[in-house]
Amino acid sequence: MTKTVVVIGAGVVGVSAALRLQSELAPTGGQVILLDRKGVAEETSAGNAGAFAFTDLEPLATPGIMKKAPAWLLDPLGPLSVPPAYALQLTPWLIRFWRASWRDRYQKVVSAQASLMQLAQAATERLITDTKGEAMMQRDGALQLYESEGEFAASQRGWQLRRDHGIRFTLLHSPAEIAEIQPGLSPRFTHAGFTPDWMNTCDPKAWVEHLFQIFMARGGQLRRAEVRDLETGGEDLCLLTDGESVRANNVVVAAGAWSHHLTRRLGDRLPLETERGYNTTLPAGCFDLRTHITFCRHGFVVSRIRGGVRVGGAVELGGLKRPANFKRADTLLAKAARFMPELDTADGTRWMGFRPSLPDSLPVIGNAKSDARVVYAFGHGHVGLTQSAATAELVADLVLRRDPAIDLSPFAPDRF
């Protein structure tokens with residue numbers, strides 16, 4: 001019997017999963033349908049920094065982080081903020097976040113993240129080869145910058161994690177050493193770490209569209225519709241949309257920050273929150289950027305996008321409904337201008353996106369509690385692009401009932 005799979009969500013995770021499934025099902029006449037309320041890469045996948053952050057193993061919830069919580073409420077433009085009016089609603093999530101920062105759970109999260117990142121790096125290379133996508137990649141490494149000896153010393157736990165997991169890097173101890181990799185930075189940055197194997201895509205939206213075109217060429221379908229409900233009682237699964245019903249043998253929920261609206265209907269109340277990320281994209285010629293840069297203390301990055309520069313990052317835990325606070329994007333751009341004195345900040349385009357975040361910084365990859373024919377694949381936080389190819393392979397394993405490449409228990413929906 002031929003199999004029909006519906007993937008809900010046409011961001012980078014959903015499109016990658018759909019492409020992987022279509023490639024595997026096509027030889028037996030199977031069919032994959034993408035459903036999205038807006039279209040391909042119209043939400044968070046359109047405007048991220050374009051980074052494949054395989055070397056980033058530390059979760060957001062690190063030991064001692066809750067000591068900083070009062071400052072989050074006092075600095076609405078800081079690197080991690082909680083709008084005061086949203087704080088009460090966020091409290092249950094913050095309690096789980098605090099628990100995830102305890103050393104016993106922190107170590108387990110790091111181990112799980114490392115296994116997923118290792119798979120992600122290999123899976124991404126397979127995907128680039130399969131889709132002839134090398135021309136869309138920038139293999140220029142990444143700099144993490146520090147402003148003092150003390151700040152650099154405090155970062156050593158993260159560098160030791162990388163060392164423990166075989167990640168190549170070089171530590172730099174002067175502005176002159178930093179300038180050899182990236183000239184034009186303020187001398188206030190005295191130390192850095194450089195990871196040469198870091199990779200970016202030149203345009204995250206174009207990368208998703210590239211994968212989507214191959215998905216369609218291999219027999220996939222796209223339907224623009226919003227899923228209102230999912231009925232699981234019959235022989236087939238039935239998705240009720242705003243215009244029709246769609247029947248399927250399996251359903252993959254990869255709707256990013258909106259995924260919990262559907263999982264609740266299936267009996268899974270998952271603590272999914274939204275890391276609202278802001279950025280400004282500047283046109284080509286604004287700065288001679290040679291590598292991806294993270295300004296560690298300030299919580300933002302700069303990356304090359306379509307020959308220009310994208311300045312963005314930070315975390316605002318503010319949900320899906322609050323209006324965008326573009327003062328955050330303006331603050332990041334003003335800092336970038338101070339840190340990169342030659343940066344031309346004219347003619348920038350501001351953007352805000354919703355990054356789906358769970359308290360322990362791990363995604364949900366697993367089966368719905370009420371029906372194993374439904375697979376969840378969301379909650380990747382700020383590393384959705386990074387982990388998308390690995391998630392696609394794991395989703396295919398679950399749909400086709402194969403043993404997955406890594407232990408999925410740390411990513412199980414019922415871990416909360």
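All figures in this text were calculated on a predicted structure; none of them were measured in a lab.
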Would you please classify the geometry between the Phe189 ring and the Phe295 ring as parallel, tilted or perpendicular, with 30° and 60° separating the classes?
-> tilted

May I ask you to decide whether Glu226 forms a salt bridge with Arg228, counting only side-chain N to carboxylate O separations under 4.0 Å?
-> yes

May I ask you to decide if the ring planes of Trp93 and Phe97 are parallel, tilted or perpendicular, using 30° and 60° as cut-offs?
-> parallel

Any side-chain heavy-atom pair from Phe411 and Val364 closer than 4.5 angstrom?
-> no

Going by an N to O cut-off under 4.0 Å, is there a salt bridge joining Glu231 and Arg373?
-> no

Salt-bridge test for Arg218 and Asp130: reply yes if a basic N is under 4.0 Å from a carboxylate O, no otherwise.
-> yes

Taking NZ, NE, NH1 and NH2 as the nitrogens, is one of them in Arg99 or Asp360 under 4.0 Å from a carboxylate oxygen of the other?
-> no

Should we say atom NZ of Lys369 is surrounded by more than 12 heavy atoms from elsewhere, each under 6.0 Å from it?
-> no

Salt-bridge test for Glu24 and Arg402: reply yes if a basic N is under 4.0 Å from a carboxylate O, no otherwise.
-> yes

Verify the distance criterion only: is there a donor paired with an acceptor across the side chains of Glu147 and His298 at less than 3.5 Å?
-> yes

Is Asp330 paired with Arg328 through a side-chain N to carboxylate O contact shorter than 4.0 Å?
-> no

Report, as yes or no, whether the 6.0 Å neighbourhood of atom CD on Glu125 holds more than 12 heavy atoms from other residues, nucleotides or ligands.
-> yes

Before accepting this row, confirm whether a basic side-chain N of the pair Glu42/Lys205 lies closer than 4.0 Å to the acidic partner's carboxylate O.
-> yes

Is it the case that Glu149 and His191 place a side-chain donor and acceptor less than 3.5 Å from each other?
-> yes

For residues Trp198 and Phe52, establish whether the separation of their ring centroids is below 6.0 Å.
-> no

So, Glu43 and Arg37, do they make that salt bridge, N to O below 4.0 Å?
-> yes

Has Arg105 got its NZ or CZ under 6.0 Å from the middle of the six-membered ring of Trp102, at an angle within 45 degrees of the ring axis?
-> no

Count the heavy atoms belonging to other residues, nucleotides or ligands that lie under 6.0 Å from CG of Asp347, then report whether that count exceeds 12.
-> no

From the list Lys327, Arg276, Arg322, salt bridge (Lys or Arg N to Asp or Glu O under 4.0 Å) partner of Glu316 resolves to Arg276

Any chance the side chains of Ser303 and Arg310 put a donor and an acceptor closer than 3.5 Å?
-> no

